[in-house]
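Whatever order the structure lists ligands and atoms in, that order sets their numbers, starting from 1. Nothing fancy with the numbering, it's 1 onward along the sequence.
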Amino acid sequence: MLKDTKQQWFKDAKYGLFIHWGLYSILAGEYNGKTTPTIAEWIMNELDIPVKEYEKLASRFNPVHFDAEEYVKLACNWGMKYITITSKHHDGFAMYHSKCSKYNIVDATPYGRDVIAQLAAACKKYDIKLCFYYSQAQDWHDPDGYMANHNNEGKNFRRYFDEKCLPQIKEILTMYGEIGMIWFDTPMGITAEESREIFDFVKSIQPDCIVSGRIGNNLGEYMTTGDNFIPALPYYGDWEVPATLNDTWGFKKSDHNWKSAKDVIRLMVKIVSRGGNYLLNIGPDALGDIPKESVDILNRVGEFLRLNGDSIYGTRAIEPYVYDVEDCLFTAKPHNLFIHLMKRMDRLKLLNIGNRIERAYLLATGEELEVDCRQTCEGDNSWEFRLPQAWPDDIDTVICVETFEEKPVFEPLQQ
Ligand code: JFZ
């Protein structure tokens, strides 16, 4: 069955900001002289840090550089349409003022302020959707929460579920206004009944709040892929690729394996051309500063979107049989076909296109293009573009075609 969020904003948004931020950001991937072998937010699990030790991090958490407005303004400048932040990750620590667990940023840290509340106010001001990551099954702080790579036998998961999980879900859905979605994760041993219970509970509080793919038991309203993983063919339902800029979600000092802006832009175009959304992560540090490398990459992507955003936001994938045009990807809207050119070329010829062209131009500069548009009675329809020497962008130069017909599909020959 196709996944459908029924939320137009999600289908049109295409690009969002993921924020992994919590106590693990203080450790930055290192504990007692050891570097954690995998993603930084898993350090407690990977290095077997006892709850009593890990807990102490709270007394050191004082992210005085955090500025919610600055974050939201950056996300806007980067061209992102929604923000998904960790309200509680697997470590069990709430980044908001929870009333049902003292293990939260207001009650347990010297900082003493609710970062989620600040972010919610800024998102409202700048009209950007706020969404929450919430780890529903794993909770390494609660004795009855699941913990991957550990023995979970004998745990009373139901107690954790009733006393922490559901009450906290209620809190995050009632304390911060309208929430775009809850991004559940790693369902572990959660039963179909429990997934259903969470789903119904979310909808009973905020009917328009989307429930993410990893709620478990295939109940999510869109598909979430693995990190940076893109399905090979367009997937016709709603889907999203969560992705990192290096090889970790939470801040990790030793990870310098940054993608380039070119990698990111091309990945985005590929995802959008197949009908998906791109949720791209930053991992702020213990003070609330965003790594400079992330900022630089995302600024460049934002520049691309300022000039070429029409070819991304609100677009749809086109039929799969055109995917094999070399060095080109396509996105579409009614009356528009966007051709993304990943290589410089003098001419581009596309065959078997039934649509008639009104005009074509380079999206970034507005420069009109000459097109030879043929329609013969033998069905040899084609478009041939002449492209200028001055090339707007080596990463992706976008041709905007305004088509006469509403649906800019590449039509097969009519028999
Ligand atoms: C999960 C988390 O464990 C991780 O810490 C981070 O929050 C990430 C966004 O989500 O990790 C996963 C879960 C599932 C897959 C990949 C990473 N998956 O299905 O490929």
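Below 4.0 Å from some heavy atom of His20 lie the following atoms of ligand 1, by number and element: 6 (C), 7 (O), 9 (C). With ligand atoms numbered from 1 in the order given, ligand 1 contributes 2 (C), 3 (O), 4 (C), 5 (O) to contacts under 4.0 Å with heavy atoms of Trp42. Interface of His90 with ligand 1, defined as ligand atoms under 4.0 Å from a residue heavy atom, comprises 2 (C), 3 (O). The atoms of ligand 1 that sit less than 4.0 Å from any heavy atom of His89 are 4 (C), 5 (O), 6 (C), 7 (O).
Atom 16 (C) of ligand 1 has its closest protein heavy atom at Arg214 NH2, 3.7 Å. Here the protein heavy atom with the shortest distance to atom 20 (O) of ligand 1 is Gly226 CA, 3.2 Å. Scanning the protein heavy atoms around atom 4 (C) of ligand 1, the nearest turns out to be Glu41 OE2, 3.3 Å. Protein heavy atom closest to atom 2 (C) of ligand 1, with residue, atom name and distance, is Asp185 OD2, 3.1 Å.
Between Lys164 atom NZ and Asp144 atom CG the span is 11.0 Å, to the nearest 0.5 Å.
The aromatic rings of Phe161 and Phe157 are tilted relative to each other, their planes meeting at an angle between 30° and 60°.
Under the salt bridge (Lys or Arg N to Asp or Glu O under 4.0 Å) test applied with Asp394, the options Lys262, Arg266, Arg344 reduce to a single match, Arg344.
Between Glu240 and Lys3 no salt bridge is recorded (no basic side-chain N to carboxylate O distance below 4.0 Å). A salt bridge is defined here as a Lys NZ or Arg NE, NH1 or NH2 lying under 4.0 Å from an Asp or Glu carboxylate O, and Glu384 with Arg347 meets this definition. No salt bridge links Asp393 with Lys343; every basic N to acidic carboxylate O contact stays at or beyond 4.0 Å.
In this structure, Lys88 fails the cation-pi test against Phe93, since its NZ or CZ atom is not both closer than 6.0 Å to the six-membered ring centre and inside 45 degrees of the ring normal.
Remark: ligand 1 and Thr186 share no N or O pair separated by less than 3.5 Å (distance only, no angle test).
Look at Gln138 and you'll find every heavy atom at least 4.0 Å from all atoms of ligand 1. Using a 4.0 angstrom heavy-atom cutoff, Phe229 does not count as in contact with ligand 1.
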Kindly indicate, with the supporting measurements, whether the criterion salt bridge (charged side-chain N to carboxylate O under 4.0 Å, His left out) is fulfilled by Glu178 and Lys129.
-> CA-CA 8 Å; Glu178 207 178 284; Lys129 281 272 176 199; 3.2 Å; yes
